[in-house]
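Below: one structure, written as structure tokens.
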Amino acid sequence: MGFLGRHRPTVASCPVPELPEVEAYRRLAQGALGRPVRDATVYDPRFVRGAASARTVVAALRGATFRAARRHGKLLVLDLGAPRGGVDPGPPAAGVPGDGTRLGLRFGMTGRLVVDGLAGVDRLLYASDRGDAVWDRFAVRFEDGGRLVMHDPRLLGGVELDPDESLLGPDAASVSPAELRRALEHSAAPVKARLMDQRRLAGVGNLMADEILWRAGIAPQRRAASLSAAEHRRLHRHLRTTIDLLLARGGSHLGDLVPQRHPGGRCPRDGAELSRSTVGGRTSWWCGRHQR
DNA sequence: ATTGTGGCCTGCCCGC
DNA sequence: TGCGGGCAGGCCACAA
């Protein structure tokens with residue numbers, strides 16, 4: 001141990017919560033549907049985001065049930081059903097803030113979801129593997145005794161009552177070519193920054209952006225508006241196939257480029273040493289030989 | 001309006 | 001051996 005680059009690939013072999021991880025959490029959360037909530041606990045008030053206070057969030061949950069688990073980009077939305085014996089409010093109006101019918105879960109970088117003791121993702125990059133209850137930030141206790149827990153050492157995630165889903169762009173897993181083009185055209189920003197802008201396109205984080213651009217052969221610092229029609233098509237194709245691949249493999253860290261995102265790392269395609277720089281405020285790795 | 005920057009938050013690993 | 005600093009990245013406030 002100790003020589004340059006030895007530890008980094010090891011660390012990078014653990015997932016960061018991006019779209020594939022949140023999709024795994026969504027499936028996990030389906031196991032929480034239809035079960036009456038006995039109580040909810042906010043262990044750290046900083047974990048509650050948005051206008052509603054921790055007290056309001058807890059009040060909205062007590063006696064309710066989760067009726068659906070949806071994913072929009074990296075946001076997991078749990079639709080709240082009526083309290084037991086109450087009048088069902090009917091289908092929720094997605095994107096309407098303030099109606100008290102939806103609970104949004106964000107995982108930041110180190111957040112994880114645990115339902116009845118089962119984690120949706122085995123390990124997290126930069127998150128401790130220890131399941132210390134110290135880092136439980138929010139929990140829902142069901143009448144049947146089970147629990148839904150959000151665990152987040154760094155508090156970069158959070159829960160929000162009635163998150164404004166209209167602020168999110170189209171979901172990256174189903175974005176159409178025209179939608180992707182609209183997210184990129186006329187922009188002087190680097191194409192990578194635009195891909196990661198959740199208002200334009202929801203679901204792509206730093207690791208996936210590097211993987212997608214590497215596969216598409218497009219340099220991350222290229223101005224978004226400078227992409228040709230052929231590059232738009234190529235980027236869309238690789239965006240969709242990369243997401244499908246990572247969903248199938250089960251994690252955003254399971255791309256081909258990710259293991260090489262460290263000093264001395266080489267392009268898996270042509271063997272060139274990868275370049276590193278900051279693009280869109282994030283550390284970016286790319287191949288100067290084939291990404292143009 | 002768009003685009004860029006820094007701060008939040010903690011664990012880990014480095015050099016001193 | 002301990003300590004300080006850099007770094008990881010999603011998201012937000014803020015500046016230009």
Side-chain angles (χ1 to χ4, degrees), chain A residues 1-22 25 43-51 71-76 104-113 121 123-138 150-160 163-165 167-169 172 182-211 220-226 251-253 255 258-259 261-263 265 276-285:
Chain A
M1 290 280 279
F3 59 87
L4 190 63
R6 174 62 179 264
H7 68 280
R8 287 190 178 275
T10 304
V11 173
S13 65
C14 310
V16 172
E18 289 196 39
L19 190 154
E21 285 75 22
V22 179
Y25 291 142
Y43 297 103
D44 190 316
R46 291 174 295 179
F47 203 61
V48 176
R49 314 291 173 149
R71 183 189 57 75
H72 192 154
K74 291 179 277 195
L75 175 70
L76 179 60
L105 307 181
R106 296 180 193 280
F107 298 93
M109 178 179 171
T110 55
R112 66 195 304 187
L113 186 69
V121 170
R123 301 180 70 203
L124 285 177
L125 182 53
Y126 310 118
S128 170
D129 287 334
R130 288 170 290 174
D132 286 0
V134 183
W135 294 309
D136 287 356
R137 305 304 187 184
F138 170 81
M150 274 195 81
H151 188 272
D152 188 358
R154 288 177 57 184
L155 289 164
L156 292 174
V159 298
E160 181 174 1
D164 188 349
E165 296 175 61
L167 294 178
L168 293 171
R182 281 195 290 274
L184 300 176
E185 65 189 356
H186 310 313
S187 172
V191 60
K192 179 177 174 181
R194 207 70 170 180
L195 284 177
M196 292 191 302
D197 184 341
Q198 303 300 300
R199 295 166 301 174
R200 309 280 177 177
L201 178 69
V204 175
N206 196 39
L207 295 182
M208 280 188 18
D210 276 1
E211 182 80 25
Q221 67 273 26
R222 277 277 300 280
R223 304 294 106 177
S226 75
S252 60
H253 62 304
V258 170
R261 292 176 90 260
H262 62 84
R276 176 194 195 270
S277 68
T278 299
V279 178
R282 304 261 76 93
T283 300
S284 306
W285 296 87

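- Shown here are the side-chain contact (heavy atoms from CB on, under 4.5 Å) partners of A:S277, two or more places apart in sequence or in another chain: A:V279, A:W286.
- Proximity of A:L113 to A:M150: side-chain heavy atoms (C-beta onward) are separated by under 4.5 Å at one or more points.
- Of all heavy-atom pairs spanning A:L201 and A:L195, the tightest one is CD2-O, 3.8 Å.
- Nucleotides C:dG10 and B:dC13 have their C1' atoms positioned 22 Å apart, rounded to a whole Å.
- One atom, NE2 of A:H262, and another, C1' of C:dA8, lie 15 Å apart when rounded to the nearest Å.
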Query - Intra- and inter-strand pairs of DNA chain C in dot-bracket (Watson-Crick or G-U wobble, both distances under 3.5 Å; | for another strand) - result: .|||||||.|||||||
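- In this structure, the side chains of A:P20 and A:M208 come closer than 4.5 Å at one or more pairs of heavy atoms.
- Going from atom CE of A:M196 over to atom C1' of C:dA8 covers 14 Å, rounded to whole Å.
- Nucleotides B:dT5 and C:dC7, compared at atom P, are 15 Å apart to the nearest Å.
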For nucleotides 12-15 of chain C, tabulate all protein N/O to nucleotide N/O atom pairs closer than 3.5 Å, reporting atom names and distance.
none

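- Atom pair A:L207:CG and C:dG10:C1' shows a separation of 11 Å (rounding to whole Å applied).
- Closest heavy-atom contact between A:R49 and A:L155: NH2-O, 2.6 Å.
- Taking only side-chain nitrogens and oxygens, A:R276 comes nearer than 4.0 Å to OP1 or OP2 of C:dA8.
- Around CZ of A:R199, the count of heavy atoms belonging to other residues, nucleotides or ligands within 6.0 Å does not exceed 12.
- Remark: the separation of the C1' atoms in C:dC11 and B:dC12 is 22 Å, to the nearest Å.
- Taking atom C1' in both B:dG11 and C:dC12, the straight-line distance is 22 Å, to the nearest Å.
- Every residue two or more places apart in sequence or in another chain was checked for a ring-ring contact (aromatic ring centres under 6.0 Å, His included) with A:F138, and none qualifies.
- The side chain to side chain donor-acceptor pair (under 3.5 Å) test applied to A:E18 returns no partner, not counting sequence neighbours.
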Do any N or O atoms of the protein come closer than 3.5 Å to N or O atoms of nucleotides 2-9 of chain B, and which pairs are they?
unit_1, atom_1, unit_2, atom_2, d
B:dT2, OP1, A:R200, NH2, 3.2
B:dT3, OP1, A:S187, OG, 3.1
B:dT3, OP1, A:A188, N, 2.5
B:dT3, OP1, A:A189, N, 3.3
B:dT3, OP2, A:S187, OG, 3.1
B:dT3, OP2, A:R194, NH1, 2.5
B:dC9, O2, A:R154, NE, 3.4
B:dC9, O2, A:R154, NH2, 3.4
B:dC9, N3, A:R154, NH2, 3.4

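- Within the 4.0 Å cut-off from OP1 or OP2 of C:dA8, at least one side-chain nitrogen or oxygen of A:T283 is found.
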